[in-house]
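FYI, side chains are in, hydrogens and waters are out, and symmetry mates aren't considered; it's all heavy atoms of this structure. Predicted model only: the values in this text are computed from it and were never measured. In the text below, chain A, chain B and the rest are named by the order of the sequence lines, each starting its count at 1.
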Amino acid sequence: MINDAPSHTIRLVRLLPAPPEEVFDAWTDPASMKYWMCPGTISETTAQLDVRVGGRFTIVMRGTSGDHVHSGEYREIERPRRLAFTWVSKGTHGRETIVTIELRSRGRDQTELTLTHEGMPDDEATSRHRGGWGDILTKLEAHVTRAGARPEVR
Amino acid sequence: MVEYSGSRLDRVFAALSDPTRRAILSRLRRGPSTVTEIAEPFDVSLTAVSKHVRVLEEAGLLRREIRGREHRCSLQAAPLQQASRWMEEYRVFWEQRLDALEEFLRSRRKGSGGRR
């Protein structure tokens, strides 16, 4: 797992074929979200978004195995540059994680989007980290695999 | 999606947030050690190291065997693997969402001439 972000974060960078305003709006418009917030086995996504700082959102993905609910609260809304919200779901097992979207124009009709998903919502704790744990993680996993140890099954 | 205990993940992340604790885990990769052996290379008191060892133990990252006066510590990597899998699943999730977002934006550009 290659991850040069501070501890406990996922960071992805993409170049998208639209200006920042359009990209931003795709994240805050329920009708748009229906189209793209829709993982493989999901037949339908509905979104209720109260887009204001402190406002809440609920995204329901209906799949063959039932409904997957994702919810959270908007922390920062700076159209078209920055959007940050908490993200809670069964996948985070109720933990409040933080997703941040940063948008930069990269020429006509192109936007560089940086998505950061942090597992530790405490800002102070995250900023204390220097040199992430990605490296130790990789080494430890390799170590355990070589030793033939089996991961716990939960 | 695999289910993980939220509070267990919290403890793992909190345990890993300290560089001394990460160094302790690195040390334990080489094999089990006593607390005294662990403390040797560090410029902090044995008490401080003991505290770190306890945090790691409570996070399930370290197991302690007490034999007489010796506390033998060994690495338990399973929680790390769980935390890493959790993050990997979300990485895949977001990669796919961004693929779909790109597709959505591209199709809108094409359709902006008025036809779908």
Side-chain angles (χ1 to χ4, degrees), chain A residues 1 3 7-12 14-18 22-23 26-27 32-33 35-40 68 87 89-97 99 109 111 113 115 117 119-120 122 125-126 128-141 143-145 147 149-152 154, chain B residues 1-19 21-31 60-61 74-110 112:
Chain A
M1 181 177 89
N3 186 358
S7 306
H8 330 161
T9 66
I10 300 158
R11 181 165 288 152
L12 306 175
R14 286 290 184 99
L15 207 52
L16 295 171
E22 261 187 56
V23 180
W27 281 89
S32 298
M33 201 165 259
Y35 287 100
W36 66 269
M37 186 64 85
C38 212
H68 303 268
W87 180 267
S89 71
K90 222 165 113 180
T92 71
H93 219 89
R95 289 179 85 244
E96 203 176 65
T97 58
V99 177
D109 299 342
T111 299
L113 176 151
L115 181 151
H117 190 170
M120 178 80 82
D122 178 357
T126 310
R128 272 206 304 268
H129 309 150
R130 291 288 171 265
W133 55 281
D135 184 51
I136 184 176
L137 204 57
T138 314
K139 286 183 186 154
L140 283 164
E141 286 198 0
H143 162 79
V144 172
T145 306
R150 301 281 211 94
E152 245 172 77
R154 286 189 150 268
Chain B
M1 204 165 249
V2 188
E3 302 208 359
Y4 308 116
S5 153
S7 65
R8 156 77 91 95
L9 269 177
D10 275 329
R11 282 201 290 270
V12 172
F13 284 134
L16 290 169
S17 70
D18 181 280
R21 291 197 284 268
R22 291 200 295 273
I24 291 173
L25 289 177
S26 257
R27 169 77 175 82
L28 290 175
R29 262 175 62 219
R30 291 183 255 139
L61 291 164
S74 56
L75 177 66
Q76 306 293 299
L80 275 171
Q81 292 167 336
Q82 287 175 347
S84 146
R85 272 203 297 273
W86 177 87
M87 286 189 48
E88 197 49 37
E89 282 182 15
Y90 262 102
R91 172 178 284 275
V92 169
F93 172 80
W94 288 121
E95 292 268 18
Q96 290 176 347
R97 295 309 87 245
L98 295 180
D99 283 345
L101 176 59
E102 185 178 336
E103 189 53 47
F104 168 74
L105 292 167
R106 201 183 297 282
S107 68
R108 271 174 42 145
R109 298 256 105 200
K110 278 196 208 139
S112 66

Review point. What part of B:Glu103 lies closer than 4.5 angstrom to a heavy atom of chain A: side chain, backbone, both or neither?
Key: neither

Revision key, fill the gap. Shortest non-hydrogen pair, B:Arg108 vs A:Ser32, comes out as NH1-OG, 3.8 Å

Check your understanding: Relative to each other, are the rings of A:Trp27 and B:Trp94 parallel, tilted or perpendicular (30° and 60° limits)?
Key -> tilted

Check your understanding: How many angstroms lie between CE in A:Met37 and CZ in B:Phe104, if you round to the nearest 0.5 Å?
Key -> 12.0 Å

Review point. Measuring from B:Leu98:CG to A:Trp36:CH2, what's the distance to the nearest 0.5 Å?
Key: 7.0 Å

Check your understanding: Taking all atoms of both residues into account, what is the closest heavy-atom pair of B:Arg109 and A:Pro17, and its distance?
Key -> CD-O, 3.2 Å

Check your understanding: A:Val23, A:Asp109, A:Val99: which one forms the most heavy-atom pairs within less than 4.5 Å of chain B?
Key -> A:Asp109

Practice item. For the pair B:Arg91 (side chain) and A:Leu12 (backbone), establish whether a donor and an acceptor sit closer than 3.5 Å, ignoring hydrogens and angles. Key: no

Practice item. Taking the side chain as every heavy atom from C-beta outward, state whether B:Leu101 and A:Leu113 have any pair of such atoms under 4.5 Å apart. Key: yes

Check your understanding: Of all heavy-atom pairs between A:Cys38 and B:Arg97, which one has the smallest distance, and what is that distance?
Key -> N-NH1, 3.2 Å

Revision key, fill the gap. To the nearest 0.5 Å, atom CZ of B:Arg106 lies from atom CG of A:Leu16 at 9.0 Å

Point to revise | Geometric class of the A:Trp87/B:Phe93 ring pair [parallel <30°, tilted 30-60°, perpendicular >60°] | key: tilted

